[in-house]
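Each chain gets a letter, A, B and so on, in the order the sequences are listed, and its residues count up from 1.
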Amino acid sequence: MSELLDVRVASVRQLTPLVREFTFEAVSGDLPGFSAGSHVQVHMPGTGRPLCNAYSLLSDPQQRQHYRIAVRLQEQSRGGSRFMHEQVKEGDVLRLSPPANLFAPHSRAGHHLMIAGGIGITPFMAYIAALEQRGGSMELHYAYRSGLTDTYLEELAARLGAALHPYDGRAGQRLDIHQVLSDQPLGTHVYICGPDSLISDVCQTADALGWPAERIHWEAFAAPEPGEPFVAELADGRTLAVPGDYSLLEALEQAGVPVPNLCRGGVCGQCMTPYSAGEVDHRDLYLSDSERADHLMPCVSRGKGGCTVKLAL
Amino acid sequence: MSSMLAQALPADLPPLAAIKPRTLSLDSIKPIETYRDDFTYRNSAGAIARFPFPFPEDNYMYSVNIEPATVGPAGSIFEHWFDVDEHYRSEMAERALVLARDPRRCMVMPHMQEAAWDTLEMLMEHLATDYPALFSLHREGNHWHWQNRVLELDQHFTFGDASTLPCEPLEYITRQAQGDFAVLDQRDGDLYMDAGIVTCPADWSLAFDAGMSFKQWHAPVPMAHQMGVFDRALKYLMNIQVGKPVRRLNWTLTINPRMDTSPETFHEWGHERGQVTADNVGQLVHLRVELQFMPRLPRSNALLFGIRTYLISFDELVSQPRWACRLHRVLRDLPPQLIEYKGLSRYHSTIVEWLSQFDPEA
């Protein structure tokens, strides 16, 4: 991706043993504006491989001076969250992609129902700021583990009052999805950010209760899962060995074959690439079954068990 | 020989040497000319040289001709995000006339107020940076000071507080920016025309299209739906990122240099299509080119759809022989559905015959 933003790390805060917060400011000029729900990709240098993770911007979109993100240390990190936690210090300069938004609050919603699991709280911090500004009706259901992923809980309690519904997993408090979804005014839109299991539980429950798909929004920015090594063959005949812990997109970038991308998580559709041979393990949430016959999303999808995938690149 | 000539015809833009870098000053902008009644609008030689002739080939068919809006050569219409030219005063005077007669040409639905401020911010920032002799912007927090030296405006206001401006923010800033602007809300995997100001449309109406989805407002366009043009265009537009605008050119023909060819005023201009004769083609018929420019509005996530219109009379256009030759071939071979859709039926044969004198192969 071209036109990256150079930012300086203005401050780092350890919010819990698992979550670090980073505030970025522009090295020169102004940071581009962003809307609630936007994310940036953080490019991580010096990791010996192309590494770049997407993080939601959690600061107030009206705030023009800085961007803020929070990063949860992943137990099975491929290197990204560990790099952010162990290497990045105040004063460092990092490069970001410009903000992109694949998870905007719906402009016509009568009521905004936010459901966050753990670090999935981050986009909703910007939502809440934007909705306060607009006078939008909202409530937040926040499932966390106290002392580990209960990020921003005090601030949220102060801002939202009775509109905050906290669920501490360590204290055995459970989010009753069915109850929450059953008891909503007409015109409510629900937004989910958190682990895949939370997203699928809410989506299935909402569907069973007759919610129209247009009123259910979710964001899962999981990093690509590792898999088997395989081989990618380019249109010019070059072949790339893709290691098990590399995505195809990363292998292409390392080989100097950049592919446009926004989310690196199989959602946005930007990196859609035609292929003509090879058995593909499709892991995206974007392509239709018919498109999968000859297109793949290299940010998450891979060749099956050592096969060679022939790309039209 | 003649077929060699055809192959050697140049692409869409005139040779770059013809476009001169320019520094716009107050003196670069003409006194007010008219787009109605006595039609005193004319292009200078410099304006003709930078006219966006839209045909890269000798024939024309729809395509998804959207491209990244990269910065173009100095002096060209692609140099800045928002092009200001010698017609600025005239176009703003025309907009004021249209709005005085029909306030419904500007519309901002309640959920689009943030996008209206976004548009104001984007236009003010770019105009002040790109044309420092004409505009300036000073900001301290939400206290903003805007100066427009062409229209002699000096405005202190509070960003985000519409009561500190003389009118609604989208209308305020687009009364000072050439071209029409639609502001599209992005939701439900679609784009909706929920705000805009449209005083110089090529036969479409904001009041009619208000609230429509992307495919709904394109429904009248022939052929392109079957070609899948709109499916691909919509996907592309929804992925536009902050700071990475895209653009395309569109075209039609207009009788007289009339900016406001809207359905609302059809009774004033529709009959002029019957006035074209072999003797008046050069003065009466104008090529109308739209530079459509689409940036993401950063704080609202809405998409701005700018439609900057350029008009050139056939007499002015044929001063560039290669344009005249190519326009002859394009219009001669235009599919019948497009002749009908663009409203050319009544005078199509007359102009093709007239243009044939500029085509060595005709």
Quick one: which residue pairs count as a salt bridge (Lys or Arg N to Asp or Glu O under 4.0 Å) with a foot in residues 110-120 of chain B, not counting sequence neighbours?
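Matches after skipping sequence neighbours: A:R134-B:E114.
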Could you go through the side-chain contact (heavy atoms from CB on, under 4.5 Å) check for B:R139 and A:R64 one step at a time?
CA-CA 12 Å; B:R139 286 182 278 194; A:R64 291 154 190 273; 4.2 Å; yes
Tell me which one of A:H106, A:R215, A:R108 satisfies side-chain hydrogen bond (donor to acceptor under 3.5 Å, both in side chains) with B:D188.
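The option that passes is A:H106.
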What heavy-atom pair brings A:A104 and B:N301 nearest, and what distance separates the two atoms?
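In terms of heavy atoms, the two residues are closest at CB-ND2, 3.7 Å.
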List the atom of B:Q241, the atom of A:P98, and the distance in Å for their closest heavy-atom pair.
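Smallest interatomic distance, heavy atoms only, reads NE2-O, 3.8 Å.
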When only pairs under 4.5 Å are counted, which of A:P99, A:S38, A:P61, A:S107 shares the most heavy-atom pairs with chain B?
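Looking at each of A:P99, A:S38, A:P61, A:S107 in turn, A:S107 comes out on top.
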Picking from A:Q270, A:Q62, A:E214, A:H217, which has the most non-hydrogen pairs under 4.5 angstrom with chain B?
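Among the listed options, the one with the most contacts to chain B is A:Q270.
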Looking at B:M109, B:K235, B:R296, B:M238, which makes the most heavy-atom pairs under 4.5 Å with chain A?
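Of B:M109, B:K235, B:R296, B:M238, B:K235 has the most heavy-atom pairs under 4.5 Å with chain A.
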B:E121 versus chain A, heavy atoms under 4.5 Å apart: side chain, backbone, both or neither?
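Answer is side chain: those atoms of B:E121 sit under 4.5 Å from chain A.
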Given a strict heavy-atom distance threshold of 4.5 Å, which part of B:D185 is in contact with chain A: side chain, backbone, both, or neither?
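Side chain only.
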A:D289 CG: over 12 foreign heavy atoms closer than 6.0 Å:
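No, the 6.0 Å shell around CG holds no more than 12 heavy atoms from other groups.
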B:H143, NE2 atom: more than 12 neighbouring heavy atoms under 6.0 Å:
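Check fails, neighbour count at 12 or below.
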